[in-house]
There are 2 protein chains.
Amino acid sequence: MLRISKLTDYAIVVTAAMAGDPKRIFSAAELSSETHLEPPTVAKVLKMLTRSDLVQSFRGASGGYRLARTPADITVAQLIVAMEGPIGMTQCSVHQGLCSTEAVCALRGHWQQISRAVHAALSEMTLLDMTRPTITHTLVPELKLHNQTTESP
Amino acid sequence: MLRISKLTDYAIVVTAAMAGDPKRIFSAAELSSETHLEPPTVAKVLKMLTRSDLVQSFRGASGGYRLARTPADITVAQLIVAMEGPIGMTQCSVHQGLCSTEAVCALRGHWQQISRAVHAALSEMTLLDMTRPTITHTLVPELKLHNQTTESP
DNA sequence: GCAAATAGTACAATTTTAGTCCTCTTTACC
DNA sequence: GGTAAAGAGGACTAAAATTGTACTATTTGC
């Protein structure tokens, strides 16, 4: 299915919640009840995002977390990279020399191109976009055509 | 890392090998030695691709496999879909109603948009492209060369 | 009929991922 | 200063997905 991990998914849910009030400092517990995710999970995600400087943390009593930048300046690509490491669809497109068939396989360069294209697509969507209604935003030219509204959340 | 499964990777290696001589019928054993992948693995991949009509199979003695279309008409997106099912980065972008937070999470429509964008990027790269030297082809949305409109699922 | 080849299914082992818990450090406030 | 709230960091367990393989059945050419 070409999927991101659940933890990455959670990271986006949590940061999208924070984007609703970008200046405010949220405790992990608050974000947990707002997103309906388990407290330990939310805490784990926030720690990871802090290490990548996508959110700022404040320790001590009345501490918590806040987005490090405005929602418009945080992309889905950045969030995915923070949680999973470099975007690459195959091992060989990220690390050289780990694949046993690398010597006889000419595909590595192509995978790198594909990964860059996917990365570019993911860089088009910001956290601000994620907080807006679905229909307004278009990502790639062709997609303007079939812009259907499939859901009502 | 946002990756495809190894089996999907193998599928592309195997079909890329077949693309070198699109008319020829290859046995699974031949493709195994050509790609340096284990015979059972190659067999498994070919069976899956056959079910999705990306390769044709010929049973019986002197049987084997052949690409069902020309390499230019088979995209990486199609191969990924054949191996992994619909491209969707989260469960909710493929199946409705399985995510427990769906009721309170407004992200589903956005994930569908993102998935379509990724699908579009993956539809730009064909098996023919994969057999060519790396440097010539660029794929990043801004530099897009050809607009082939493959349908989104 | 026999040999070569694919079809289909099932399975065991490995690897990843998820989720939780525990201890330590920092800070606000009385 | 003491205490409680909150994050930091790491370790660990359980569960799930992925892999790779094996086995049996079926088809076809000679």
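Here is how names work: the chains are called A, B, and so on, in the same order as the sequence lines, proteins then strands, and each is numbered from 1. Please read all numbers here as calculations on a predicted model, not as lab measurements.
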Considering every strand and a 4.0 Å limit on heavy-atom distances, what is the contact class for A:Ala28: base, sugar-phosphate, or nothing? sugar-phosphate

For A:Leu49 and D:dG7, what is the distance between atoms CG and P respectively, to the nearest whole Å? 13 Å

Report the distance from atom OH of B:Tyr65 to atom C1' of C:dA7, rounded to the nearest whole Å. 7 Å

Can a side chain N or O of A:Ser5 be found less than 4.0 Å away from OP1 or OP2 on C:dA18? yes

Using a heavy-atom cut-off of under 4.0 Å over every strand shown, decide if A:Leu46 touches base, sugar-phosphate, or nothing. nothing

Rounded off to whole Å, could you give me the CG-to-P distance for the B:Leu31 and C:dT6 pair? 9 Å

For A:Leu7 and C:dG19, give me the distance from atom CG to atom P, rounded to whole Å. 7 Å

Any donor-acceptor pair under 3.5 Å linking the side chain of A:Ser123 with the backbone of A:Ala77? no

Taking only residues at least two apart or on different chains, which pairs with a member in residues 56-65 of chain A satisfy side-chain hydrogen bond (donor to acceptor under 3.5 Å, both in side chains)? A:Gln56-A:Arg66

So, B:Glu30 and B:Arg24, do they make that salt bridge, N to O below 4.0 Å? yes

Within less than 4.0 Å of OP1 or OP2 of D:dA6, is there a side-chain N or O belonging to A:Ser57? no

Please determine if a side-chain N or O atom of A:Tyr10 lies less than 4.0 Å away from the OP1 or OP2 oxygen of C:dA18. no

5' precedence on DNA chain D between B:Gly60 and B:Lys6 (nearest-nucleotide basis): B:Lys6

With a 4.0 Å limit, can you tell me whether A:Ser62 has a side-chain N or O closer than that to the phosphate oxygens OP1/OP2 of C:dC29? no

Salt-bridge criterion met for A:Lys6 and A:Asp9 (N-O under 4.0 Å): no

Would you say B:Arg51 reaches C:dG8's phosphate, i.e. side-chain N/O to OP1/OP2 under 4.0 Å? yes

side-chain N/O A:Arg59 vs D:dG9 OP1/OP2, d < 4.0 Å: no

Using a cut-off of strictly less than 4.0 Å, decide whether A:Arg3 has a side-chain nitrogen or oxygen near OP1 or OP2 of D:dT18. yes

To the nearest Å, how far apart are A:Met48 CE and D:dG7 C1'? 16 Å

Do you know the tightest heavy-atom contact between B:Ala19 and B:Pro71? CB-CG, 3.8 Å

What is the nucleic acid contact for B:Lys47, judged by heavy atoms within less than 4.0 Å: base, sugar-phosphate only, or nothing? base

Taking CZ from A:Phe58 and C1' from C:dT27, how many angstroms apart are they, rounded to a whole number? 13 Å

Kindly say if A:Thr41 contacts the phosphate of C:dT20, meaning a side-chain N or O under 4.0 Å from OP1 or OP2. yes

Write down the distance between CG (B:Asp53) and P (C:dA7), rounded to a whole number of angstrom. 12 Å

Starting at atom CD of A:Glu38, determine the distance to atom P of C:dT20, rounded to an integer number of angstrom. 5 Å

